[in-house]
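Report on the structure given below.
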Amino acid sequence: MVDEPKSAGTSSEEDQIALRLTKVAALRELQIEPWGNGFSVTHCCAEVNLAHDGDDAEKLTAAAKSYTVAGRIVALRSMGKLAFIGVRGATRPRDPALTPTGRRATDLQLMLRKDASVGWDLIKYLDLGDQIVATGRAIRTRTGELSLETTEIKLAAKALRPLPEKWHGLSEMETRYRRRYVDLIANPEVRDTFVARAKLVSTLRRFLDERGFLEVETPTLHTAEQAGGAAARPFNTHHNTLDLDLKMRIATELHLKRLVVGGLERVYEVGRIWRNEGIDRSHNPEFTSVEFYWAHATWLDLIALTEELLAALARAVRGSEKIIYQGQDIDLTPPYDKVSMIEYVAAALAPDLRGVSAQLDALSNLLPSAWANFERFASRYGWTGDVREAEKKLAHAATLGDRIAWAFGTFCEPALPKDRPVFVVDFPLETSPLSRKRDSEPRLVDRFELFVAGMEVANAFSELNDPRDQEARFRAQVDARARGDQEAMPFDADFIRALEHGMPPTAGEGLGIDRLAMLLTDSASIRDVILFPLLRPEAK
RNA sequence: GAGCCGCUAGCUCAACUGGUAGAGCAAUGGCCUUUUAAGCCAUUGGCUGGGGGUUCGAGUCCCCCGCGGCUCACCA
């Protein structure tokens, strides 16, 4: 039995690639290299758009300036002796996404006449997706669109695969994440998100540089002993030559504080962190943090600095301190409210007492059963969660601090105000193994977390610099690990040795760059601000 | 990890209680000197995510598996 000859199809992706390859061969017959180089490009599409956005036809004629631009064909309308080619050029970080008249700055239309364009015959070999180089003058078409009256067109790089549909683009999130290169072509607003993210990071660096902070880079490969600085499970890896098991860092904290000991007293690192945890809308296994350490400052200085920083980032990225996130107006204008963990929890369980010390006394005297007073929390904070789940978590809370953190996280956190950032303060000692004890109440630490839109975006505290106290805290972490807490920190003996040389009193803070980027680009998922988020491999 | 939803042509989506898998865009062949999601005529393109089952007959119903999205949980 002989195979039926395949029907001479022309529409499957395979067929389209085959067809484009025949064009490649035909072009080479014509001595045209489909993937040539060395083209002289004098301008970007965006430059033409921004230079002439509001110019009328007379002004354009008077200008009579020749441009040679490059870009990708995203529309192709040919009508015999006249053709219009839609070109999407490069996105440049300093250009606005839209021109003053509201057109996308990267997109420029070419107009070609059969009798006035060198390369007209090339059109029949061109496809949507091809990279081209075009020369011409800016004009207004009869319908008034700014266009390049093209005198010469060249193929710069042939595309073998078809682009997604021009109107709806590429919409399936899975494909957009897996083939970000196509997403960036088909959905140009994705480019805007990553331009905004880059602006956020550069503004952050400038902010810290201007205040005398030194940017450094510390190891991302940690020994088991070094892999602390946060409550998280690390990724494991291995160095072959040293035959050494290593872990990817879960924080930059401990190395940066070693540098403060060494005299780099204002120091920061923007860097990749890996945490071997679940994935959801606000967690990716690898993400970017900035941590900065500021000798002779306290957590209260960090509150002021954080307010200033957030407002500056919002102005730089969004042009305003008032932003909208997922439909919610959020005002980032300082100052921000402070909410006490202790007071919030005590308000439900020990409502008559004033002052955190008295409230702590009362909370520490509560019977275990008294903590499970879900009705009190529900009536005060509108909690509607799963009682059995909450009880399960409470059962794991070994210390008073753990119970306070449980109650706050479970009941109070969802009730925090949503229209402005909030500093959560008065953290219990047990949940803060690297923070300095509060002088006036040693059951608490000098620490805050900043919440915006229900997300933790910053964690900061006055650093613990008493080496013997740090040693005891590490030991408590080792004990917790022995009890089954897989996120407890290891005992980092070298870090203790560093503290024994004397670290000046220091305040330190960590910010989640990805979450800030979500906020300032109005992105619902962390995957939308990470170019290549981690996904399971595609099925074969 | 649990629940819900999704996976159909290169892309975006249809296909009622099971009855011959369809449209638009893209592609291919034509016509066209001002288009704007260009238009008109014609033509292709499918293992309906994978596997099993029920049935005369499965995109549709049942079971298993894969990948993704959302919600919850875990996790800070």
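Chain naming here is simple, since letters A, B, ... match the order of the sequence lines and numbering starts at 1 in each.
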Answer with yes or no whether [X] presents, from its side chain, a donor or acceptor under 3.5 Å of a partner atom in the base of [N].
| X | N | answer |
| --- | --- | --- |
| A/Gln109 | B/rU35 | yes |
| A/Thr141 | B/rU35 | yes |
| A/Arg77 | B/rU34 | no |
| A/Ser11 | B/rA26 | yes |

What is the nucleic acid contact for [X], judged by heavy atoms within less than 4.0 Å: base, sugar-phosphate only, or nothing?
| X | value |
| --- | --- |
| A/Glu172 | sugar-phosphate |
| A/Leu163 | nothing |
| A/Ala230 | nothing |
| A/Thr431 | nothing |
| A/Arg281 | sugar-phosphate |
| A/Gly169 | sugar-phosphate |
| A/Glu145 | base |
| A/Asn459 | nothing |

What distance, rounded to whole Å, do you find between the two [atom1] atoms, one in [N] and one in [M]?
| N | M | atom1 | answer |
| --- | --- | --- | --- |
| B/rG68 | B/rG30 | P | 45 Å |
| B/rU8 | B/rA58 | C1' | 14 Å |
| B/rC47 | B/rA42 | C1' | 29 Å |
| B/rG22 | B/rC31 | P | 30 Å |

Tell which nucleotide pairs with [N], taking only Watson-Crick or G-U wobble pairs whose two distances are both under 3.5 angstrom.
| N | value |
| --- | --- |
| B/rA27 | B/rU43 |
| B/rU71 | B/rA2 |
| B/rG19 | B/rC56 |
| B/rC32 | none |
| B/rA38 | none |
| B/rG66 | B/rC7 |

**Asked** Is any side-chain nitrogen or oxygen of A/Lys114 closer than 4.0 Å to OP1 or OP2 of B/rC32?
**Response**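 So the side chain of A/Lys114 is outside the cut-off, no N or O lying under 4.0 Å from OP1 or OP2 of B/rC32.
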Between [N] atom [atom2] and [X] atom [atom1], what is the distance in whole Å?
| X | N | atom1 | atom2 | answer |
| --- | --- | --- | --- | --- |
| A/Asp280 | B/rC72 | CG | P | 10 Å |
| A/Ile17 | B/rG10 | CD1 | C1' | 9 Å |
| A/Ile279 | B/rC70 | CD1 | P | 12 Å |
| A/Lys166 | B/rC11 | NZ | P | 17 Å |
| A/Met173 | B/rC70 | CE | P | 8 Å |
| A/Leu170 | B/rC11 | CG | P | 8 Å |
| A/Leu82 | B/rG39 | CG | P | 16 Å |
| A/Arg536 | B/rG49 | CZ | C1' | 16 Å |

**Request:** Would you please indicate if the ring centroids of A/Tyr381 and A/Phe411 are separated by under 6.0 Å?
**Result:** no
**Request:** Output yes when a side-chain donor or acceptor of A/Glu430 lies under 3.5 Å from a complementary backbone atom of A/Thr399, and no otherwise.
**Result:**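 It does not hold such a pair.
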**Prompt:** Between A/Tyr325 and A/Thr521, is there a donor-acceptor pair closer than 3.5 Å when you use the side chain of the first and the backbone of the second?
**Reply:** no
**Item:** For A/Ile330 against A/Arg420, the heavy-atom pair lying closest together
**Value:**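 It is CG2-CA, 4.1 Å.
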**Prompt:** So which nucleotide from B/rU12, B/rC70, B/rC25 ends up closest to the side chain of A/Arg527?
**Reply:** B/rC70
**Prompt:** Stepwise, does the side chain to side chain contact (heavy atoms under 4.5 Å, CB included) test hold for A/Glu463 with A/Glu253?
**Reply:** CA-CA 10 Å; A/Glu463 303 296 339; A/Glu253 170 144 2; 3.2 Å; yes
**Item:** Derivation of the side chain to side chain contact (heavy atoms under 4.5 Å, CB included) call for A/Thr150 and A/Ile85
**Value:** CA-CA 10 Å; A/Thr150 301; A/Ile85 298 178; over 6 Å; no
**Prompt:** Are more than 12 heavy atoms from other residues, nucleotides or ligands located less than 6.0 Å from atom CZ of A/Arg28?
**Reply:**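 Counting neighbours around CZ of A/Arg28, more than 12 heavy atoms of other residues, nucleotides or ligands fall under 6.0 Å, so yes.
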